[in-house]
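Just so we're on the same page: letters track the sequence lines, and every chain starts at 1. Computed from a predicted model, the values in this text were never measured in an experiment.
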Number of protein chains: 2
Amino acid sequence: MKKDQRPSYDHVPMVVIKRLPKYYRYLGELVEKKLERISSQKLAQMMDISASQLRQDLNHFGEFGQQGYGYRVEDLYQEIGKIIGLEYQYNMVIVGAGNLGRALANYSNFCLRGFCLWALFDIDPELVGLNVNGIGIKDISELHDFVADNNISIGIITVPKEAAQGVADRLVAAGVKGIWNFAPVDIKVPDSIILENEHLADSLMVLSFRLRGKMG
Amino acid sequence: MKKDQRPSYDHVPMVVIKRLPKYYRYLGELVEKKLERISSQKLAQMMDISASQLRQDLNHFGEFGQQGYGYRVEDLYQEIGKIIGLEYQYNMVIVGAGNLGRALANYSNFCLRGFCLWALFDIDPELVGLNVNGIGIKDISELHDFVADNNISIGIITVPKEAAQGVADRLVAAGVKGIWNFAPVDIKVPDSIILENEHLADSLMVLSFRLRGKMG
DNA sequence: CAAATATTGATATATATTTATCAATGATTA
DNA sequence: TAATCATTGATAAATATATATCAATATTTG
């Protein structure tokens, strides 16, 4: 008998994937409001997208609605959570215990959602040994063993851009499966490693572009 | 005689706009390396996109290249900077002096690039009066007058999601032109206000989705 | 300085994404 | 329970985006 296997959802376009968290967010609010069901029409209106897009997006992953009735809010919320992969626990480390690294470490909500931070790393001896939100800052030399020994699957990079590629290489060598990069540079990783960039300065530039016409 | 007017670049698709910072970043590196010229072919290869896309993107804004020669690196860098709007000074405030707000305040590089932070605001009396990176934390009650009196064009929201919409309303009422929102919620603003969202949790979920197949 | 080469910007083609439509069908109503 | 209504999921059409091609032309070479 074939082992129960998770669907792979290959061929689902990335634009669709990027909308999943938004669906999850809105459904979460509806769950809190104890709403039992909702139509694609109404949900789409709330989210300021088209009902067609909403239904088509969901249909990439299965048939979750009932004709003439709509979607059961709680069920759909759970299903999307599973699709996103939120039933897993992801163990994480942050490399770079500067302001941003420490800010992320303090954002303890992540851990509640299955994204669990176990350590920060830094090269600065002044920082090593300190504690952020109950999480220790270790010397970068300990990175490899810590990642390997503690089943760390995500490495978060919050170092200056000059150091980012080196850190990425070390994280990959140590065995992380994914990298969340906040350094303002495009790092290179093997195809098998999942890379998500958070280029804050880029967003600010997009804001700048869009503001141009409105400036004094 | 018609006043020299900045082009509006309406009808340029948002996907193209979002790539501009990346072009700017790579060209900046080439400028530092004192490279004089580059072809779309080579630059595209460096950036891991197609040469066709690069040329087509640039042609939305003008003709910057020379046939048989390529693009002058320094010129193109400057031009893209202007297109993005980096010759303006944007005055900014942060509302929410928690970890993330303070981390952003500490990231003083922004100010060098024309994005100048003038104050943080918070509701917590414990924080009001403190100083972050030389920038004072003020009481939220002072927000309106400060924004209005100091030609603040960008408001950065780093408060919990429950407070985000209220803060956005106050920023808009006080006269900001754009909002950079880090709260994990979709806030509503008038059409005339430019809104950029930085939904960090959403990115982490996309990472989660893409990691699914690779987990234990 | 003429010929060969490189490279753009424009256009055409292909692909991807979004939106509109509607038959099928379960829910609701009388 | 039969008739009506609401809403999905699928398909088709429209739109947007990316890629390939190539004539035009500036640069480089011999």
Can you give the donor-acceptor pairs under 3.5 Å from side chains of residues 8-18 of chain A to other protein atoms, not counting sequence neighbours?
from	atom 1	to	atom 2	distance (Å)
A:S8	OG	A:D10	N	3.3

Please set out all donor-acceptor pairs under 3.5 angstrom arising from side-chain atoms of residues 74-83 of chain A, sequence neighbours excluded.
from	atom 1	to	atom 2	distance (Å)
A:E74	OE2	A:Q78	NE2	2.8
A:Y77	OH	A:Y24	OH	3.3

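Screening residues 200-216 of chain B for side-chain hydrogen bond (donor to acceptor under 3.5 Å, both in side chains) gives A:R25-B:D202, A:Y90-B:S208, A:E196-B:R210, A:E198-B:S203 as the qualifying pairs, with residues at least two apart or on separate chains.
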**Message:** What does the B/S/- profile of nucleotides 1-9 of chain C look like, 5' to 3', with a 4.0 Å heavy-atom cutoff to protein?
**Reply:** -----BBBB

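Taking the side chain to side chain contact (heavy atoms under 4.5 Å, CB included) definition, one finds that A:A44 meets it with A:I49, A:A51, A:L54, sequence neighbours left out.
Within residues 19-30 of chain A, the residues that place at least one heavy atom under 4.0 Å from DNA chain C are, in residue-number order, A:R19.
Of the listed residues (B:N151, B:N150, B:N91), just one forms a side chain to side chain donor-acceptor pair (under 3.5 Å) with B:W118, and that residue is B:N91.
The environment of A:K42 atom NZ is sparse: at most 12 non-hydrogen atoms of other residues, nucleotides or ligands sit within 6.0 angstrom. When the shell of 6.0 Å around CZ of B:R113 is examined, it contains 12 or fewer heavy atoms from other residues, nucleotides or ligands. Within 6.0 Å of CD on A:Q165 lie more than 12 heavy atoms contributed by other residues, nucleotides or ligands.
Atom CG of B:D57 and atom C1' of D:dA16 are 13 Å apart (whole Å). Protein atom CD1 of A:I17 is 11 Å distant from nucleotide atom P of C:dT17, rounded to whole Å. Here the P atom of nucleotide C:dA27 and the CD atom of A:E36 are 13 Å apart, to the nearest Å. One atom, CZ of A:R72, and another, P of D:dT7, lie 13 Å apart when rounded to the nearest Å. Remark: C1' of D:dA6 and CG of A:L43 are 17 Å apart, rounded to the nearest angstrom.
OP1 or OP2 of D:dT19 lies within a sub-4.0 Å distance of a side-chain N or O belonging to B:S50.
Summary of the strand contacts: B:Q53 and A:Q56 both lie near DNA chain D, and taking for each the nucleotide with the nearest heavy atom, the more 5' one is attributed to A:Q56.
Contact detail for B:I154 and B:V176: the closest heavy-atom pair is C-CG1, 4.3 Å.
Evaluation of atom-type donor-acceptor distances gives a pair under 3.5 Å for the side chain of B:S52 against the base of D:dA20.
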